[in-house]
Amino acid sequence: MDSFSDSGELYVLKNQFYTNQHQKVLSHSLESYSKDNQLTVLTYQIRSTIALGKDASNIIESGKTRFEGNEPLFQLLSAWDDLKSFGTDDSTYFDDLKRGENELQTVLSALYFVKFRKDIDQAITFLTEYIDNSSYLKFDELEPFLVLVQLYLIKGNFKEANKILLNFKNFPDAARDGIIYQVLESWLLSLRGESDNINNAYYFYDELLSSDFDNDPQGKFKILSVLFVLTLQLRHYPEAQELLAQISELSQGPDATLIANRITFDYLANGGSHVDELLGELKQIDQEHAMLNDYSEKNSKFDEVVAKYNVSA
Amino acid sequence: MKMLTKFESKSSRAKGVAFHPTRPWILVALHSSTIQLWDYRMGTLIDRFEEHIGPVRTVNFHPTQPLFVSGGDDFTIKVWSLQSRKCIFTLNGHLDYIRTVSFHRDLPWIISASDDQTIRIWNWQNRQEIACLTGHNHYVMSAEFHPTEDLIVSASLDQTVRVWDISGLRKKHSAPTSSMRSFEDQLQRQQLPQQDIFGNVNAIVKYVLEGHDRGVNWATFHPTLPLIVSAGDDRLVKLWRMSETKAWEVDTCRGHTGNVLCAVFHPNQDLIISIADDKTVRVWDLNKRTPVKQFRREHDRFWLIACHPHINLFAACHDSGVMVFKLERERPAHAIFQNRLYYVNAEKQVQFFDYQKKESSLPMLSLKKIGKSWSVVRTLSYNQSDNSILVTYGEGDSASYALITLPKHVTGAIEPTDIRQGEGNFACFISRNRFVSFIKSSKTLSIKDLNNNATKSIQLDSSVNDVLPGAPGKVLLVKSNSVINYDVQQRKELSEISANNVKYVSWSNDGQYLALLSKHKITIATKDLELITSMHETIRIKSAAWDNSGVLLYSTLNHIKYTLLNGDNGIIKTLGNTLYITKVFQKEVYCLNRQGQVEVVTIDPTEYRFKKSLVNKNYNEVLRIIKNSNLVGQNIIAYLQKKGYPEVALQFVQDPETRFDLALECGNLQVALHEAKILNNKSVWEKLGAEALNQGNLEIVELIYQQLHLFDKLSFLYLIKGDHDKLEKMATIAEHRGDFSSLIQTTLYNNDIKKRCQAYVQGQMLPLAYALAKSNGLDDLAQEILTQAGVEEKDVVLPELGQQVPLSKPLEEPLQNWPLKQSSLSFFESALLTGNVDDIPSEDPYADERVQEGMGNNINISDPEEEEEEEDGAWDMDEDDLDIDEDIKDLKLNDADDTPGMAADNEIGYWLRNSKTAAGYVAAGAFDQAASLLHKQLGISNFEPLRKRFLEVYQASKLYLPGIDELPPMQTFIRADNDENDPLKFLPLIPGFESLDSKLNTGFKQFKANSLEDAIQTFKDIIYSIAVITVEDEDQEAKCKEVLEVAREYILGLSIELARRALDPSDVKRNLELASYFTRTKLQNPHKVNALQVAMTQSFKNKNYASASYFADQLLSIVPSGPRAEQAQKLKAKADSISSDAVEVDFDPYAEFDICAATFSPIYKGSPSVSEALVGAKYKPEFQGKLCKITGITTIGAPASGLRIRA
């Protein structure tokens, strides 16, 4: 057993959770875990339930009775569940939080800020405060880093994101064994570019595919979507086309980001002949997708260009 | 185990063979009576010795002296000198064939075994037989001294092997004056046989080894252990052990199917090698006495096997010659990662060597149990992500790989625990969690993950023989005549280079170059397999490694050599033992030897650094080397001269003669003069004189003429210089010398009439003197001459004197040296000749390498974390996200490099900084900057039509990476070149170039299908694509420009045709004009036919028969046959019969003109016009400032710098 004691037992579960194999997470029986870890397992199972878009209130309730004295945790999970089921109207749980007091609370709050308040900056502040307040920090609690890296990258701040990765050097080796490290590293590898890096990221996901995803098509969908991006980065267009075929076989619901990437692919492989169609689809699914925002911003920028030179001509 | 044949000779039956202890030589004793001396490394026959009568059965070198000994069927033993290559003497005594003969290691003895049933020992110094050992009662087939003790082992057809003690013989001969033996001793010895008259016993039989059921052909001692191996006609090989007191049979090796004629111990491995007349060589495990391997020869029986005393080499005699071979490759498997060399030592254990600390670790893992015993680890590949190694071992169909995790802590050679194995002749990692394995028999390449599960399997071309490591994600496929760079993931052959039988590859440290090694050839190429240079080596090439400056060092069997990328090469060091270079760092070459140990060889890299600096014109470095090293020698001077650097060579030479020659060669007259003064001989002066004259250095020429007393030349020189004073002096000198002819010459030059007259007078040529004086109006002088001659003026009849010829006026001042173009002194000359070398750095720039390269950690580039940290400084320069709009306002648009202050914070930042084209800015989202560029370069003012292209270029390099489900995706990017690792060259992917052809085709199809508006739009789109594009090279740029022209012509032509179709039918004149102009656009021939057809039929219809005939001609010149041609011919026949035009049109078929793209009317040559910058469309002047009709985006006649699309 290495520096953090639960890693051995929870390794598989964490891997499954962070690679969207939620059905598998749910399939674990609490009894098969040691007493110490059962609550953690249940927490992941509740989150997986929510992630699958199901109502988790029953399992939360039964958890409350089984693990007495963990009221705050279940309160947090309920709030998260309610949020997913009823939207922001019902609860002010997250808004009332001043700062995160534990890993899960911090992570979920950050997600809340971004998703419901559209306030990435606040989410970043929230996370960095938690992380900087080292008395809370444990080396096996890496999820805040994962969220933080993504938020930095959404903002295009590669430097800060990369700092986090570099900071992992100060952690025990085992921290870098974990799935979270590998996932966030794969993102930075993609951003860093160059064949070698992208290939490494590619193989990481390619390897994940070798797990059995029969019951978790949404997990496979996600991985294939990431592979699609990496394959395009490598400019392997025929392979990208193959991936699209595989993705469509999964018949998962329409995904905005996938469509955004298909637009790029269409420009590269088909001269953009389906772009209008795809843009239409994207607008229907997610009006606020980053690509659409960027697209309209660039369009208006172009309007300015047109206007500027028309006057001078 | 594998038999690797190194040499084979073809001859008659070979009976004996021996290795020279130090040189690559073997002696071969032939049944035909000849002894051959071969160089087995070069494969050349050095000499032949033919003094034996009849078959020679045995031959052996002396271990230290230049001697060898032979014995044959003529009963004689001959001792030969290797120096004189002659037989020195012959030892006679044996009474039958001699079977074996060899020298003692230190005593001056020879031992021989003969069919006369005796073994004899001879002293080759006094050429006496000193002992005759009897006891065998049949032919003695072999006999040899023990390598360290006073023992002999012999084998006989009497079915016994005997061990003899010859310590008595040594005593007798090493101390001949020793005191008398004690009485008891003598008494005791009296009982023994074979004693001489003094009671000395030469040799006593210590053991008789009985066990063979037939005659024994061979017996030999183990080099270090108390073991004997014997070979007999009972087809057995037997192993015997002896102690001080007894000897016994240990075991038998069974397997040969014929008489075993010879068996030997491997000199340093626990193996026995035997040969037999069953045409096989067999290898046995000494410890288990089990067969390890056998090699069969089709037609030849084997007669003898000999092993090299030090090297893993064997020679076997057979019916048609000898073969020299080794068992197994001796190249220790190794791999370099960062600062460490992982390698397999002789004990088959994995160790690593730390280049920085220069020390080897303890063995960390034992591979003994990997594969069969005696199977050697051939390749090793290291993966840092899980600290594992991938090794291959075994041969042919049984070749396999094993993936093994290394222990975290080195505690000694532990047994591996998790071995993941599989079939494969080659295997290496291609990324941190993938490796490939290649199975030769089925030509399959499998990609596997670290759990040894295949994720992909690729069927390769059947001509692929081997696979070698490539760049990440790639491998090199080796075919017999070529090597292919293969992308494993895409299953795509990226490039190919021709190279025969490549065996190894060495990649440069930065991954930019690779060296492909064959047996005798090195091919150097770029990472994309573009050939740089190749070279041939006569000696086998063993290994290669790159130093940090891109010089390849390689080892052959006996040298370390270097080669530069331009093919200049040379020897750095001669090697005693073969070494495998793993890494070169400064003056140290880190090698592995064949014992699997690291050896650090110190070399002098000056020569190659010097040459490299010269080639790269790094003169500072050249100068530094010149000043600080003792690099001299004919070699380097010859090199410099050959390469055209005499002025550099000059710096190395002290010898005045060479210096003089070099100085002349580089035209350095001052140095040449200096040396000439020292040398001071005629030919030197002459050479210098000629060169000085060529250069117009008259001072030196003058000096030399003076030096050489070339007065005539000197005078002439003064003449051309216009130096009157000197000429006068020359006249005086001539006078002094009494050289009248010279004097007269000089006065001619000088036009000194008076003196010339005097000279004539002195020379008693009075008539001439008089004529001269008279004709030049020197009447007084003339009178004097007359007086002197004693004649009257009237007696002399002079011809009619003309007017005095005016002489050209001499120069005011004498000519100086020819004014030469002020040549700046070369770097060396100015620095060295003036002695001003203060500013030359004297430190070794390579000395800093350790710091710069960070020998500590970053030698291997694949540690991304380290790398990032280094860059952090630059990243820090700008805290916030780049707001593109704000930050690049100041950007100089034409040269982004001029803005060093701008630090890139992210990908977009890099792109902005590195882009040189409008497209680059578009991709970076800096539309405003891009537009400004396009406006300036091409005069684009109407941007709206470019909207689609802008968005395409922008979007094509952006991707959204899904992360956590609840969060928005992250933007990631597609670069133009994923293999580029210099952030200063990161550029966005710009699509469009690849699809130009297909777009053109679309346009052509639309043309054919008469969708003229669509075609015009397609061609416009092509123009827009090229306006916002980035291409890689000149060819692509040229292609784009060509495509632009095509698009322009088609748009123009189609617009004309559309205008024609839109005309009122009554406007016949315009109709005909437009039809005619349409034919003048530069369409492709099949399309031009359409235009001509229109023009022809329209002209014909409208009774412009002459024109119709012209167009018909044109059409027929493109389409000489077919229905169209027939129609044209008919029409032409009819038109020609009338041959006049009813309507006058503005079209002269024979005039050159452009067509105004706005008015569709001719702009005849010489008429004013304005053009547009993007496609070069022409307009009448009044359209200046209007929007171009062809492109729809550019302003006609706007100031523009032109299309700039190169990255």
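Note: hydrogens, waters and symmetry copies are ignored here, and every other heavy atom, side chains too, is used. Residue numbering restarts at 1 for every chain, and letters A, B, ... go by the order of the sequence lines.
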_Can you tell me which portion of B/Q489 sits under 4.5 Å from chain A's heavy atoms? Options are side chain, backbone, both or neither._
both
*Distance only, no hydrogens: is a donor on one side chain within 3.5 Å (strictly under) of an acceptor on the other, for B/T1194 and B/T1191?*
yes
*chain B: which of A/E304, A/K115, A/K222, A/H236 shares the most heavy-atom pairs with it under 4.5 Å?*
A/H236
*With a 4.5 angstrom heavy-atom cut-off, which part of B/R434 approaches chain A: side chain, backbone, both or neither?*
side chain
*asked:* With a 4.5 angstrom heavy-atom cut-off, is it the side chain or the backbone of A/D286 that approaches chain B, or both, or neither?
replied: neither
_Under a 4.5 Å cutoff for heavy-atom pairs, which residue among A/D206, A/D255, A/I263 has the most contacts with chain B?_
A/D206
*For A/V183, is it the side chain, the backbone, both or neither that has a heavy atom under 4.5 Å from a heavy atom of chain B?*
neither
_Side chain, backbone, both or neither of B/L946 within contact of chain A (heavy atoms, under 4.5 Å)_ = both
*Side chain, backbone, both or neither of B/Y954 within contact of chain A (heavy atoms, under 4.5 Å)*: side chain
*Heavy-atom proximity to chain B below 4.5 Å, by part of A/F113*: neither
*Which atoms of B/D487 approach chain A - backbone, side chain, both or neither, heavy atom under 4.5 Å*: side chain
*Would you check if there is a donor-acceptor pair between the side chains of A/E297 and A/N299 at a distance under 3.5 Å?*
no
_Contact winner vs chain B - A/L230, A/I198, A/L234, heavy-atom pairs under 4.5 Å_ = A/L234
*With only heavy atoms counted, which part of A/E239 is less than 4.5 Å from chain B, the side chain, the backbone, both or neither?*
side chain
*Portion of A/L184 that has a non-hydrogen atom of chain B nearer than 4.5 angstrom*: neither
*Without hydrogens or angle criteria, can the side chains of A/D216 and A/N20 be said to hold a donor-acceptor pair below 3.5 Å?*
no
*May I ask you to name which of A/S210, A/A260, A/G193 has the most heavy-atom pairs under 4.5 Å with chain B?*
A/G193
*Relative to chain A, which segment of B/E980 carries a heavy atom at a distance below 4.5 Å: side chain, backbone, both, or neither?*
backbone
*Is the ring centre of A/H289 less than 6.0 Å from the ring centre of B/Y960?*
yes
*Sort B/F973 into side chain, backbone, both or neither according to what part of it lies under 4.5 angstrom from a heavy atom of chain A.*
both
*Residues B/R947, B/E952: salt bridge by 4.0 Å N-O rule*: no
*Considering only heavy atoms, which portion of B/S431 lies under 4.5 Å from any heavy atom of chain A: side chain, backbone, both, or neither?*
both
